[in-house]
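A short worksheet on the structure shown next.
Just so you know, these numbers come straight off a predicted model, no measurement behind them.
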Amino acid sequence: MPYQAPVRDYQFLLRDVLQLERHANLPAFADASMDTVDAILEEAGKFTSEVLAPLNAVGDKEGCTWSPDFSVKTPTGFKAAYRQLVEAGWPALGSDPAYGGQGLPHVVNVAFSEMSSSANMAFSMYPGLTHGAYSAIHVGGSDEQKALYLPKLASFQWAGTMNLTEPHCGTDLGLLRTKAVPQADGTYKITGQKIWISGGEQDLTENIVHLVLARIEGAPQGTRGISLFIVPKFIPDADGNPGQRNSVKCLGLEEKMGIHGNATCVISHEEATGWLIGEENRGLALMFVMMNEARLGVGLQGIAQAEAAYQAAAEFAKDRLQGRSLTGPKNPDGPADPIIVHPDVRRMLLDARAIVEGGRAFMAWTALHGDLAHASPDEAVRQKGRDYMALMTPVVKAFLTDRGFKVCSDAMQVHGGSGFTEHFPVSQYLRDVRIALIYEGTNGVQALDLVGRKLAADGGRAVMSFFAELDQFVAENEGDAELKPFIDGVARAKGELQEATMWLMQNGLANPDNAGAASTDYLQLFGLTALAYMWAMMAKAAQAKIAAGKADPFYERKLVVGRYYVERILPETGGHLAKLKAGADLMMKLPADAF
């Protein structure tokens, strides 16, 4: 069975759980009635399942092709699909109407992005990074830069990239060597080599806008001396069209484990012409606009690939005949029962579904707070939105990709030996999703960011706000007998997360290694707690529909999967708390030469 977009699940989330129409009085939500959103979701489902999904295996098998003239050819069908993407207006969903966008809330765009990534992760990375470049210029560019670049990026007529990593320099960007030399006309000559540049060269768009981190001659060393530059493949002419070829070259493509359909390039800037964005030596702060958007997008990729892998595994489990049910044959006229009758197969499938549906809700909930951070007239709501976006970004990125990879691995296990072959799709999902645990900051770095910076920011205001929200939800619903398992789960997990937070405050400052050793378990505990809250909110919405007489089995099934999460996955919080409190002593005891 081909990929089926989760249209119904997003309708439930946006209409019944997040209640998008509550915000209809805000200008940013004025065009996001549920009738409009339903239509967008339906069309997004058709486009991604009918146009993008059939190209997923094609892109995996063909990959991209580099030529000695420094050009790159994308896989068969990608150019036509990209043209359809642009013509249908999908790129412009959440962009500023002042630059040709549709101005819809980002939470609506998240739904399309998940469907796109599930259908074809490698393809969806091209427009995904373009939107990140758009956002960085939108925040930090001059009026002239915005007018020139944003309409082309919003429409995806031009593509955007992010040039950070260098051969000797990954996460520690303070070590970068790419230099920028000021010119008399106000431009800069950019020289240096960047690696692992997704979409750094391709044949989909008429121009590529590279956002490049570089150090201006004489600037301070370390991260304090980094600036950000616009370096287009073709320098725009007086009419804003692609003009002279800039001295930016793709020297080759990486041979990768997965995402073969996306061109991962080595890019050489050879005194390329660039324009400063924002202030000198303030480039890293501006690049973080793009990086944080990318991190949320990577978390989404984890859930997206998990959804596709789950669908493939569930379909396989219903068709594959092997063994008999422990409680007696369920397919007595056949030689064996389908493997979906076996509890351990059910365990893997329900683990997957509970994580995917809970993670999808977490993504949408976080995106909605991001929308409110910009759109609400209430400063307290805007502040909470900003706080949550900062606090949740490392959790979304790392937790959802860790769990998404596990779902893909379990989906391969459901397939048995068939999953390890290329005749079935799950091996591609597993290979594709693995990069998501690494890029835009490895998951260990995300955990350190959460523990080392995000918890303490503004005196812990964000995490305390989250605790208060959980407490309020529990207090408002603890008398509801139907919701008791969910409410008890949220209360228990919140208590463990709060205990872990206090332990970090007491032990992390005294010995920073304690914070580092605890960071990954803390992030996992945080993610599990967040999904418990998502499942409690979904259970409340589903129970309300059932109580109102809705006979749709969707709601009852939602409650079953939610109960499964609470009873079979959420108890992992206790293990993470215990490991966290063990501290760093044993972890750091062996000398380095003992490894």
Side-chain angles (χ1 to χ4, degrees), residues 110 113-114 117 291-307 309-310 351-367 369-370 388-410 433-455 462-463 466-467 470 489-490 493-494 496-498 500-501 504 516 518-538 562 565-566 568-577 579-580:
V110 160
S113 296
E114 186 207 318
S117 188
M291 289 176 68
N292 284 332
E293 181 171 316
R295 286 169 177 170
L296 292 169
V298 172
L300 182 148
Q301 287 178 331
I303 288 301
Q305 294 305 289
E307 169 68 33
Y310 162 75
D351 278 0
R353 187 162 170 178
I355 289 295
V356 168
E357 294 181 14
R360 177 177 296 128
F362 187 31
M363 275 293 315
W365 176 83
T366 303
H369 279 290
Y388 275 13
M389 286 296 286
L391 178 67
M392 301 301 170
T393 292
V395 183
V396 166
K397 193 279 183 185
F399 182 78
L400 296 187
T401 57
D402 277 340
R403 297 294 169 140
F405 178 74
K406 184 180 185 302
V407 168
C408 292
S409 181
D410 283 349
V433 78
R434 187 58 184 84
I435 184 59
L437 285 67
I438 298 171
Y439 61 10
E440 306 309 334
T442 65
N443 287 358
V445 168
Q446 303 302 318
L448 288 173
D449 179 47
L450 174 65
V451 166
R453 293 197 302 175
K454 299 302 172 58
L455 286 183
V463 73
F466 183 58
F467 289 157
L470 298 183
V490 170
K494 179 263 176 181
E496 291 172 324
L497 181 60
Q498 191 164 29
T501 305
L504 281 170
S519 60
T520 289
D521 285 296
Y522 183 83
L523 186 145
Q524 294 294 319
L525 175 51
F526 203 121
L528 288 163
T529 303
L531 261 65
Y533 180 38
M534 299 302 113
W535 272 113
M537 288 193 289
M538 287 190 285
Y565 177 85
V566 170
R568 299 278 304 193
I569 299 177
L570 188 58
E572 294 175 22
T573 54
H576 288 296
L577 178 62
K579 289 192 290 181
L580 179 154

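Atom CE of M538 sits about 13.0 Å away from atom CH2 of W365, to the nearest 0.5 Å. Note that CG of L504 and CG of D521 are 10.0 Å apart. Values are rounded to the nearest 0.5 Å. The distance from atom OG1 of T529 to atom CG of L497, rounded to the nearest 0.5 Å, is 4.5 Å. Expressed to the nearest 0.5 Å, how far CG of N443 lies from CD1 of I438 amounts to 9.0 Å. One finds the SG atom of C408 at 10.5 Å from the CD atom of E307 (value rounded to the nearest 0.5 Å). From L523, atom CG reaches atom CG of L528 across 9.5 Å, with rounding to the nearest 0.5 Å.
Looking only at side-chain heavy atoms (C-beta outward), L450 and L391 come within less than 4.5 Å of each other. The shortest side-chain heavy-atom distance between D449 and K454 falls under the 4.5 Å cut-off. Put simply, the side chain of T366 reaches to within 4.5 Å of the side chain of M389, judged on heavy atoms. For the pair M534/Y565, no side-chain contact is recorded, criterion being any heavy-atom separation below 4.5 Å from C-beta on.
Residue A352 comes nearest to Y310 through the heavy atom pair CB-CD1, 3.8 Å, listed as atom of the first residue, atom of the second, then distance. Annotation for L577 and A500: closest pair CD1-CB, 3.8 Å, computed over non-hydrogen atoms. Closest non-hydrogen pair, I303 versus G359, comes out as CD1-CA, 3.9 Å. Listed here is the closest heavy atom pair of G302 and V433: CA-CG2, 4.0 Å. Here the closest heavy-atom approach between residue L470 and residue K494 is recorded as CD1-CG, 3.6 Å.
Outside the 6.0 Å centre-distance limit, the rings of F399 and F362 are not counted as a close aromatic pair.
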Item to check | Step-by-step side chain to side chain contact (heavy atoms under 4.5 Å, CB included) determination, R295 to V396 | outcome: CA-CA 8 Å; R295 286 169 177 170; V396 166; over 6 Å; no
Next on the checklist: If you apply the rule side chain to side chain contact (heavy atoms under 4.5 Å, CB included), what do you find for Q301 with T401, and how did you get there?
Outcome noted: CA-CA 7 Å; Q301 287 178 331; T401 57; 5.8 Å; no
Checklist entry - Could you walk me through whether L300 and L400 pass the side chain to side chain contact (heavy atoms under 4.5 Å, CB included) check? => result CA-CA 7 Å; L300 182 148; L400 296 187; over 6 Å; no
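In this pair, F526 and F466 present their aromatic rings parallel. The plane angle is below 30°, not in the 30 to 60° band.
A donor-acceptor contact shorter than 3.5 Å is absent between the side chain of S409 and the backbone of F405. The backbone N or O of L570 sits less than 3.5 Å from a side-chain atom of T573, completing a donor-acceptor pair. Judged purely by atom type and a 3.5 angstrom limit, Q305 has no side-chain atom pairing as donor or acceptor with the backbone of V407. Side-chain atoms of Y522 never come within 3.5 Å of backbone atoms of H576 as a donor-acceptor pair (strictly under, hydrogens ignored). Of the possible donor and acceptor atoms, one in the side chain of Q446 sits under 3.5 Å from a partner among the backbone N and O of G441. Side chain of K397 to backbone of A436: a donor-acceptor contact under 3.5 angstrom is found. Using a distance-only test at 3.5 Å, with no hydrogens or angles considered, no donor-acceptor pair links the side chain of S117 to the main chain of E114.
The pair R568-D351 does not meet the salt-bridge criterion, since no charged nitrogen lies less than 4.0 angstrom from a carboxylate oxygen. Using a cutoff of 4.0 Å between basic side-chain nitrogens and carboxylate oxygens, E572 and K406 are not scored as salt-bridged.
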